[in-house]
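Everything numeric here is computed off the predicted structure, so don't read it as measured data. For reference, positions follow the sequence shown, starting with 1.
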Amino acid sequence: MPARAQFDHIVLLASDLDKSVQWYDAFTPLLGFQKTRDHVYGHPNGWAIDLRAAKKDGAPYGRYNAGLNHIGLRVNSVKDVMAIRNSFMAKGFPVPDPQIFDEEETVVFFKDPDGVRWEIGHEIEGRT
């Protein structure tokens with residue numbers, strides 16, 4: 001029988017750690033995270049986001065490069081998507097308009113200071 005894995009954490013490397021900490025300090029509470037220690041944000045579901053400084057000569061994030069494209073999270077309703085969007089925008093961060101896919105899914109893609117995209121979305125129940 002295969003082991004049952006549970007999502008534990010992600011580590012994001014930031015080109016400017018101070019700038020990224022400001023962004024994640026504002027963004028993560030909107031999703032239920034709490035800062036548990038410097039640069040680490042824990043979620044009640046048991047997983048965490050860990051920010052670390054990237055090498056100074058490291059390549060920047062690239063949306064279509066090999067590796068991570070985006071991180072997708074689901075919320076309970078379109079109203080929740082819009083509340084997160086509006087709250088984050090009120091904190092002075094740029095936020096794009098929501099996207100609607102196939103009239104079934106509403107999402108907003110937030111970009112951190114290095115361009116890493118976070119998808120916050122709601123999908124109509126029963127979609128297969």
Side-chain angles (χ1 to χ4, degrees):
M1 176 167 164
R4 292 188 179 226
Q6 176 179 323
F7 194 79
D8 185 65
H9 68 278
I10 59 174
V11 176
L12 298 173
L13 302 178
S15 61
D16 181 334
L17 189 57
D18 291 335
K19 188 175 182 181
S20 289
V21 165
Q22 287 180 338
W23 194 91
Y24 282 91
D25 279 355
F27 184 64
T28 58
L30 301 174
L31 306 173
F33 287 83
Q34 281 190 309
K35 196 168 192 176
T36 58
R37 61 184 191 271
D38 283 349
H39 317 140
V40 178
Y41 307 86
H43 193 273
N45 288 348
W47 65 286
I49 300 166
D50 183 355
L51 289 178
R52 298 181 188 189
K55 288 182 185 179
K56 295 298 178 199
D57 60 350
Y61 170 83
R63 180 174 171 193
Y64 293 108
N65 293 349
L68 179 71
N69 180 274
H70 70 274
I71 300 160
L73 301 173
R74 290 283 173 251
V75 294
N76 292 325
S77 67
V78 173
K79 184 177 177 180
D80 289 344
V81 173
M82 297 310 294
I84 292 167
R85 179 184 182 271
N86 294 339
S87 294
F88 198 55
M89 197 166 29
K91 294 175 186 251
F93 292 94
V95 178
D97 291 331
Q99 297 178 41
I100 300 172
F101 298 112
D102 300 325
E103 298 180 13
E104 296 179 339
E105 184 178 21
T106 300
V107 303
V108 175
F109 286 96
F110 300 81
K111 282 196 243 180
D112 82 358
D114 286 307
V116 175
R117 296 179 325 136
W118 286 82
E119 173 191 321
I120 307 301
H122 171 263
E123 208 172 298
I124 294 175
E125 285 192 41
R127 181 176 173 215
T128 55

Task: Residues that Ser20 engages under side chain to side chain donor-acceptor pair (under 3.5 Å), provided they are two or more places apart - done: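 If we apply the side chain to side chain donor-acceptor pair (under 3.5 Å) test to Ser20, skipping adjacent residues, there are no hits.
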TODO: Identify, with sequence neighbours excluded, every residue that meets side chain to side chain donor-acceptor pair (under 3.5 Å) alongside Asn86.
DONE: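 For Asn86, no residue satisfies side chain to side chain donor-acceptor pair (under 3.5 Å) once neighbours in sequence are set aside.
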Return all side-chain donor-acceptor pairs below 3.5 angstrom for residues 48-55, not counting sequence neighbours, or 'none' if the list is empty.
residue, atom, partner, partner atom, Å
Asp50, OD2, Arg52, NE, 3.1
Asp50, OD2, Arg52, NH2, 2.9

TODO: Would you please name every residue forming a ring-ring contact (aromatic ring centres under 6.0 Å, His included) with His9, sequence neighbours left out?
DONE: none
Open item on the list: Are there over 12 heavy-atom neighbours, none belonging to Gln99, within less than 6.0 Å of that residue's CD?
Closed with: yes
TODO: Under the salt bridge (Lys or Arg N to Asp or Glu O under 4.0 Å) rule, collect the residues that match up with Arg117, sequence neighbours excluded.
DONE: none
Open item on the list: Applying side chain to side chain donor-acceptor pair (under 3.5 Å) as the test, list every pair that has at least one member in residues 22-32; sequence neighbours left out.
Closed with: Tyr24-Asp112, Tyr24-Trp118, Asp25-Lys35, Asp25-Tyr41
Separation of [Y] [atom2] from [X] [atom1] (nearest 0.5 Å):
X	Y	atom1	atom2	result
Phe110	Phe93	CZ	CZ	11.5 Å
Met89	Met82	CE	CE	7.0 Å
Glu119	Asn69	CD	CG	9.5 Å
Thr36	His43	OG1	NE2	13.0 Å
Leu17	Asp38	CG	CG	9.0 Å
Leu68	Ile10	CG	CD1	7.5 Å

Task: Evaluation steps, side-chain contact (heavy atoms from CB on, under 4.5 Å), between Ile84 and Val108 - done: CA-CA 9 Å; Ile84 292 167; Val108 175; over 6 Å; no
TODO: Using atom types as modelled and distance alone, determine if a side-chain donor or acceptor of His122 lies under 3.5 Å from a backbone N or O of Asn76.
DONE: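 Answer holds: yes.
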Open item on the list: Same cluster or not: Leu73 versus Val40, using hydrophobic residues (I, L, V, M, F, W, Y) connected whenever any side-chain heavy atoms lie under 4.5 Å apart?
Closed with: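 No, Leu73 does not connect to Val40 through the hydrophobic network.
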Task: Cluster check Val81, Ile100: I/L/V/M/F/W/Y, side chain < 4.5 angstrom - done: no
Open item on the list: How close do Pro98 and Thr106 get, counting heavy atoms only, and between which atoms?
Closed with: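 The answer is CB-CG2, 4.1 Å.
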Task: Nearest heavy atoms of Pro96 and Phe109, plus distance in Å - done: CG-O, 2.9 Å
Open item on the list: Taking transitive links into account, so neighbours of neighbours count too, which hydrophobic residues share a cluster with Leu13 at under 4.5 Å side-chain distance?
Closed with: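 Grouped by the 4.5 Å side-chain rule, Val11 form the rest of the cluster around Leu13.
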Task: Sequence neighbours excluded - salt bridge (charged side-chain N to carboxylate O under 4.0 Å, His left out) pairs with any residue from residues 75-87 - done: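 Every salt bridge (charged side-chain N to carboxylate O under 4.0 Å, His left out) pair that includes a residue of residues 75-87, provided the two are not neighbours, is Arg85-Asp97.
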- [ ] Just jot down the side chain to side chain contact (heavy atoms under 4.5 Å, CB included) partners of Ala83, sequence neighbours excluded, or say none.
- [x]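 In terms of side chain to side chain contact (heavy atoms under 4.5 Å, CB included), with neighbours along the sequence ignored, Ala83 is linked to no residue.
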